[in-house]
2 protein chains.
Amino acid sequence: MKDVAQHAGVSTATVSRVLNGHAAPTPETRERVLAAIEELGYRPNALARSLRTTSTQTLGLVISDLLNPFFAEIARAVEDEARSHGYCVVIGNADESAEQEATYVRTLLDRRVDGLLLCPATDDPELVREVSAGGVPLVLLDRTVRGATCPVVRADGSEALTALARRLVGAGHTRVGVIAGPPDTSTGRERSDVFIGALGGAAQVVHGDFRQESGSQAAAKLIDDGATALVAMDNLMGLGALGEIRARGLQIPHDIALAVFDDQPWFPLLDPPITVIAQPTVEMGRAAARSLLALIDGRQPDDVRLTAKLVLRGSCGEAEL
Amino acid sequence: MKDVAQHAGVSTATVSRVLNGHAAPTPETRERVLAAIEELGYRPNALARSLRTTSTQTLGLVISDLLNPFFAEIARAVEDEARSHGYCVVIGNADESAEQEATYVRTLLDRRVDGLLLCPATDDPELVREVSAGGVPLVLLDRTVRGATCPVVRADGSEALTALARRLVGAGHTRVGVIAGPPDTSTGRERSDVFIGALGGAAQVVHGDFRQESGSQAAAKLIDDGATALVAMDNLMGLGALGEIRARGLQIPHDIALAVFDDQPWFPLLDPPITVIAQPTVEMGRAAARSLLALIDGRQPDDVRLTAKLVLRGSCGEAEL
DNA sequence: AGGCCGTAGTTAATCGATTACACATGTATG
DNA sequence: CATACATGTGTAATCGATTAACTACGGCCT
């Protein structure tokens, strides 16, 4: 910057003013400064700027699992929305581990992100408290924690789950195997609670960990126990369940019905196509980013609850096949 | 930091020494400082530290498309490797757009990442030159650019493509439709060049853009032109092709054979399972991160070329079905 | 006792920006 | 003609760390 100033025959203050679009400098001075910048290929040091202004124009996003397409889509949406407001997004991948999540959150805070978007790995409110105590704007995404005191953006699958349960019961299923998420996550509990409630007793539950392998194992156990329908509460566990079904040579929906929470582009391409509960991922990501930006702006956004939709495709023996 | 110093009755220099594990401070002093840090909940400002030391302990990773599971896996691997060396990764999503790529690269450089990993959107070397001119360590990943002067890490699919071509020709296919990537990317050109060469004239090519929609369109055109086998040079285009095949009610492999470059967890679950050329994504990501860290360290790593493997599964009418 | 040395700790410069305040110049006003 | 006021720029403090150069202290040797 000093070089630029010298080159243009002005002080660094003037260069800074030109850079930040202040009213002061003469068009002529501005011209000279811009020329010098161009000539020297000068690029301002974002670190120094941030140190001085205490604003990094950066959002932190800590997600549970980058390999889960659901979170990848969310990340993508967050990033789009943030960029359109001049913010950058730093993504941290917690890998469904609370420790790694905490590590990432601290790293991001140390780097002074202007706000944090978190998909909590567990519903323990401790980390959330720590962030809030630091005074950093925080929004929870997809999952919540016990007694959350910050805005939450998530999808509501109650209606869809209830409709699905009714459908399965109506089709005569009396043993529905539920592959649920971990009981210490809000989505892990809530989805299966609602669903089991709607089934009215015809359910058996196995908890997985939102990963493919656990889906296979849960499916194996549930099939052994005589389940005639399987519902996976997340796309990766759904993938695992599907693998187990294929491995056993079972026919969908004749031998066993299957439905999955979360849609994926390839689900419609299976034979039969898989019935799913589709979450509005893009809207969730965008809404979360908007809420966080509002918070940073000093406003107090409301919680956002978007509805997930049941998409019937045939894997549960629907008429609409 | 001043507060901590005051609290512990020492100067900021001493606090800094304790923080950085310097030899100087007495165990006793160290103890006092650590207590003060604990009590005040002090966390050092990474921006200030980086400004002073000109090292951010951060790697930049600009990938072509976060929604493409291939890149998501790579990102994951890069992140793992980087973290194990005490580095953080900032991911930028270029969305297969050269402009957005350039924007991200500049943003990352402005934030003074210690090194940059780039999956170039086009083979135009301009951006690479710009980064190199700035003296920032750079490694190319998956794709290269014309006359690249920096280390490149990528997968070599020649053998696998040749074997696949032989197989298809051997099975009697005389009209093989190739769904290639954009001709201005190295992977877009090389894969189809090798494959078409090995087919020896039995090929028709349509270039897509590495996205699902383009795969469908390409497949439609190739099927209309009488192709009896389709080979997609990327998993998203493969997904699109599969959709088109399904939409037309064609049977694989009876009516049409299909093979895809890039494996995905759900490919084996289709009926028939899809034959693929699998890239060692995790190894690619790790190798790229290691090369970059070596470069940052002042060493000069070699290019890395990992081999992709043909996985026969049945969608090309293999005996091994 | 005086000089020398090693050690623990302090002072102050520095990284690269932003910005409050001071200053100089030019124009309008009484 | 002196005063006030607007306008464009420069000076220097500041953000929060690191670190070279310096100081003070206590012990050891002759």
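All values reported here derive from a predicted model rather than from experimental measurement. Just so it is clear: chains get the letters A, B, ... in the order the sequence lines come, proteins before strands, and each one is counted from 1.
- Using a 3.5 Å distance cut-off with no hydrogens or angles, the side chains of Arg111(B) and Thr58(A) do pair a donor with an acceptor.
- Comparing dT18(C), dG16(D), dT18(D) by their closest approach to the side chain of Ala48(B) singles out dG16(D).
- When distances run from any side-chain atom of Thr12(B) to the nucleotides dA20(D), dT18(D), dG16(C), the shortest one goes to dT18(D).
- A salt bridge links Asp80(B) with Arg76(B): the closest approach of a Lys/Arg side-chain nitrogen to an acidic carboxylate oxygen falls below 4.0 angstrom.
- Ion pairing between Arg32(B) and Glu28(B) fails under the 4.0 Å rule for side-chain N and carboxylate O.
- Residue Leu47(B) contributes atom CG, which lies 22 Å from atom P of dT14(C) at whole-angstrom precision.
- Comparing Gly9(B) and Leu51(B) by the nucleotide of DNA chain C whose heavy atom lies nearest to each, the residue mapping closer to the 5' end is Gly9(B).
- Residue contacts for Val10(B): at a heavy-atom cut-off of 4.0 Å it reaches the sugar-phosphate backbone alone, with no base atom in range.
- One end of the helix from dA1(C)-dT30(D) to dG30(C)-dC1(D) points its axis 70° away from the other end's axis, with each axis taken from 5 pairs and the angle rounded to 10°.
- The shortest side-chain heavy-atom distance between Asp142(B) and Gln279(B) falls under the 4.5 Å cut-off.
- Regarding Met1(B), its CE atom lies at a distance of 13 Å from the P atom of dT11(C), rounded to whole Å.
- Rounded to whole Å, atom P of dC15(C) lies 21 Å from atom CZ of Arg43(A).
- Heavy atoms of Thr29(B) sit under 4.0 angstrom from primed sugar atoms or phosphate atoms, though from no base atom.
- Side chains of Asn68(B) and Asp234(B): a donor on one and an acceptor on the other come within 3.5 Å.
- Using a 4.0 Å heavy-atom criterion, one finds that Thr26(B) contacts the sugar-phosphate atoms exclusively.
- What separates CG of Leu40(B) from P of dG16(D) is a distance of 15 Å, to the nearest Å.
- Contact annotation: the side chain of Ser16(A) approaches that of Met1(A) to within less than 4.5 Å [non-hydrogen atoms, C-beta and beyond].
- Distance, Glu28(B) CD to dA8(C) C1': 11 Å, rounded to whole Å.
- Among the protein residues, Thr14(B) comes within range of the nucleic acid bases, having at least one heavy atom under 4.0 Å from a base atom.
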Which donor-acceptor pairs under 3.5 Å do the side chains of residues 113-125 of chain A make with protein atoms, sequence neighbours left out?
unit_1, atom_1, unit_2, atom_2, d
Asp114(A), OD1, Thr56(A), N, 2.9
Asp114(A), OD1, Thr56(A), OG1, 3.1
Asp114(A), OD2, Thr56(A), N, 3.3
Asp114(A), OD2, Gln57(A), N, 2.8
Thr122(A), OG1, Asp124(A), N, 3.2
Asp123(A), OD1, Arg146(A), NH1, 3.2
Asp123(A), OD2, Arg189(A), NH2, 2.3
Asp124(A), OD1, Glu126(A), N, 2.9

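- A salt bridge is absent between Arg143(B) and Glu190(B): the closest approach of a Lys/Arg side-chain nitrogen to an acidic carboxylate oxygen does not fall below 4.0 angstrom.
- What separates CD1 of Ile37(A) from P of dA17(C) is a distance of 10 Å, to the nearest Å.
- Phosphate contact (OP1/OP2 of dT18(D), side-chain N/O of Arg49(B), threshold under 4.0 Å): present.
- Residue Asn45(B) places none of its side-chain N or O atoms closer than 4.0 Å to OP1 or OP2 of dC15(D).
- Relative to the side chain of Ala13(A), the nucleotides dT11(C), dT18(D), dT11(D) differ in distance, and dT11(D) lies closest.
- Taking atom NZ on Lys2(A) and atom P on dT11(D), their separation rounds to 13 Å, with Å as the unit.
- With rounding to whole Å, Asp110(A) atom CG is found 13 Å from dA17(D) atom C1'.
- Comparing dT18(D), dT14(D), dA20(D) by their closest approach to the side chain of Arg52(A) singles out dT14(D).
- Base contact: Ser16(B) has a heavy atom under 4.0 Å from a base atom.
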